[in-house]
Amino acid sequence: MSRQYKGILKERKPWVNCTLAAVVAGLMCIQFVRGNFLTVLFGVVVILACFYKKEYIINEEGVDIQSSLFGKITHNLWAWEEITTLHTDHKRAKPNTMLHIGKDITTRSFTMTPEDCQAAVELAREMNPAIYIENPTPEEEAQREQEILHRREVERAQKKAMKKARKNH
C-alpha cells in the first residue's frame with residue numbers, strides 16, 4: 001500500500017472562480033473593442049489562473065508538487081536522494097505544522113496536520129537515512145524561543161548600559 005501525505009492548501013470556492021472568470025471575460029471584451037490588446041492578454045492569464053490547481057504530495061517516490069490546468073497534470077518531483085534536509089515548525093502554521101524540505105539551497109514549505117507531518121518525517125527517514133532531520137517538539141520550540149527572547153533582552157540591557165556609561169563620561 002502506498003503511503004501518501006498531502007499538504008494543506010487554501011482552495012477558492014467554485015462560485016468565486018466562475019464569478020472572477022465572468023467579470024474578467026466581460027472586461028476583456030470591453031478592452032478588445034477599445035483596442036487594448038495587452039490588457040486582453042493579461043485577462044487571458046487571469047482566467048487561466050482561475051482554473052489552475054496545485055497539490056503538494058509526499059510519498060515513497062519523493063516530494064511532488066502536482067499542478068493541473070484543464071485536466072493536464074504536470075509533476076515537479078524531488079526524489080528522496082536529492083533531498084538534504086527536513087525541518088518542522090510547529091509555531092508558524094498553528095494549529096497545523098509546517099514542514100520545510102531542503103534540496104541544495106532551495107526549500108519547499110508544506111503546511112500539514114501534525115500527524116501527517118510526523119508520518120512524512122518517518123517516511124523520509126526510511127527512504128533516505130542520510131537526510132538531516134530537525135524535528136523538535138512544540139515544547140522544545142517554545143523553550144528555544146524563550147531562550148532567544150531572553151538573549152535579546154540581555155543584549156538590549158547591555159546596549160542600554162553602555163549608552164548610559166558613554167553618556168556619563
Side-chain angles (χ1 to χ4, degrees), residues 1-128 131-138 141-142 144-145:
M1 184 168 91
S2 177
R3 292 180 285 178
Q4 184 168 302
Y5 309 101
K6 294 187 177 185
I8 299 170
L9 292 172
K10 272 188 179 176
E11 281 193 40
R12 272 186 257 137
K13 293 186 171 45
W15 70 267
V16 173
N17 285 338
C18 292
T19 304
L20 181 60
V23 168
V24 171
L27 292 173
M28 283 173 50
C29 291
I30 293 169
Q31 294 304 321
F32 183 78
V33 170
R34 290 184 179 173
N36 294 333
F37 301 111
L38 189 61
T39 308
V40 173
L41 289 174
F42 179 70
V44 169
V45 171
V46 172
I47 287 178
L48 288 175
C50 290
F51 300 102
Y52 178 79
K53 291 188 175 131
K54 201 182 226 185
E55 197 170 46
Y56 295 151
I57 299 172
I58 298 174
N59 57 28
E60 278 99 0
E61 294 177 30
V63 178
D64 189 15
I65 295 180
Q66 287 184 358
S67 305
S68 66
L69 184 62
F70 300 123
K72 177 157 178 18
I73 298 174
T74 58
H75 297 272
N76 185 351
L77 177 70
W78 284 0
W80 287 115
E81 298 80 39
E82 301 172 311
I83 297 171
T84 55
T85 60
L86 286 178
H87 171 76
T88 57
D89 185 348
H90 300 280
K91 186 175 161 190
R92 251 169 134 192
K94 271 188 177 174
N96 296 313
T97 301
M98 191 166 279
L99 179 62
H100 304 280
I101 302 167
K103 170 185 161 186
D104 298 325
I105 60 169
T106 309
T107 302
R108 289 181 175 169
S109 298
F110 292 10
T111 302
M112 308 176 85
T113 63
E115 297 79 22
D116 280 355
C117 183
Q118 195 60 41
V121 168
E122 294 305 319
L123 177 64
R125 272 196 186 106
E126 285 176 35
M127 301 309 288
N128 183 356
I131 294 176
Y132 171 76
I133 298 175
E134 186 175 338
N135 188 17
T137 64
E141 266 186 26
R144 188 179 309 158
E145 189 68 28

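Counting from 1, the numbers follow the sequence of the chain as shown. Because the structure is predicted, anything quoted here is derived from the model rather than measured.
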### Under 3.5 Å side-chain donor-acceptor pair for Tyr52 and Ser67
yes
### Task
Might you point out which heavy atoms bring Ser68 and Ile73 nearest each other, and give the distance in Å?
CB-CG1, 3.9 Å
### Summary
Output for pair (Leu69 CG, Lys54 NZ), nearest 0.5 Å, gives 13.0 Å
### Message
If you count every heavy atom of other residues, nucleotides or ligands that lies below 6.0 Å from Gln4 atom CD, does the total exceed 12?
### Response
yes
### Task
State whether Glu134 and Arg144 are salt-bridged, where the test is any N-O pair (Lys NZ or Arg NE/NH1/NH2 against Asp/Glu carboxylate O) under 4.0 Å.
yes
### Message
Measuring only between side-chain heavy atoms, which start at C-beta, is Ile58 closer than 4.5 Å to Trp80?
### Response
yes
### Query
Is there a side-chain contact between Asp116 and Lys6 (heavy atoms, below 4.5 Å)?
no
## Note on the structure
The residue among Val40, Val33, Thr39 that forms side chain to side chain contact (heavy atoms under 4.5 Å, CB included) with Asn36 is Thr39
### Heavy-atom pair with the smallest gap, counting every atom of Ala21 and Cys50
N-SG, 4.0 Å
### Message
When you compare the side chain of Glu60 with that of Met127, does any pair of heavy atoms fall below 4.5 Å?
### Response
yes
### Query
Does Met98 reach the side chain of Phe110, with side-chain heavy atoms less than 4.5 Å apart?
no
### Query
Nearest heavy-atom pair of Thr97 and Thr88: which atoms, and what distance?
CG2-CB, 4.2 Å
### Query
Any sub-3.5 Å donor-acceptor pair from Glu82's side-chain atoms to Ala79's backbone N or O?
yes
### Task
Hey, could you give me the OH/NE2 distance between Tyr132 and His87, rounded to the nearest 0.5 Å?
9.0 Å
### Query
Got a donor-acceptor contact below 3.5 angstrom from the Asn96 side chain to the Thr111 backbone?
no
## Note on the structure
Scanning both residues in full, the closest heavy-atom pair of Ile83 with Val63 reads CD1-CG2, 3.5 Å
### Query
Does any non-hydrogen side-chain atom of Ile47 lie less than 4.5 Å from one of Met28?
yes
### Query
Would you call Asn76 and Arg108 a side-chain contact if the rule is heavy atoms closer than 4.5 Å?
yes
### Message
Quick one, Val45 and Leu41 - any side-chain contact, counting heavy atoms below 4.5 Å?
### Response
no
### Query
Would you call Arg3 and Glu126 a salt bridge, taking side-chain N to carboxylate O under 4.0 Å as the test?
yes
### Message
Using 0.5 Å steps for rounding, measure from the CG atom of Asp64 to the CH2 atom of Trp78.
### Response
11.5 Å
### Query
Under a 4.5 Å cut-off applied to non-hydrogen side-chain atoms, are Leu86 and Leu99 in contact?
yes
### CD-CG distance between Glu81 and Asn128, expressed to the nearest 0.5 angstrom
6.5 Å
### Task
May I ask you to check whether over 12 heavy atoms, not counting those of Phe51, lie within 6.0 Å of atom CZ?
yes
### His100-Ser109 side chain donor-acceptor pair, cut-off 3.5 Å
yes
### Query
Run the side chain to side chain contact (heavy atoms under 4.5 Å, CB included) check on Arg125 and Ile133 step by step: do they pass?
CA-CA 8 Å; Arg125 272 196 186 106; Ile133 298 175; 3.3 Å; yes
### Message
How long is the straight-line distance from CD1 of Ile101 back to OG1 of Thr85, given to the nearest 0.5 Å?
### Response
9.0 Å
### Message
Nearest 0.5 Å, please: how far is SG in Cys117 from OH in Tyr5?
### Response
11.0 Å
### Task
Return yes if some donor-acceptor pair links the side-chain N/O of Asp104 with the main-chain N/O of Thr106 below 3.5 Å, else return no.
no
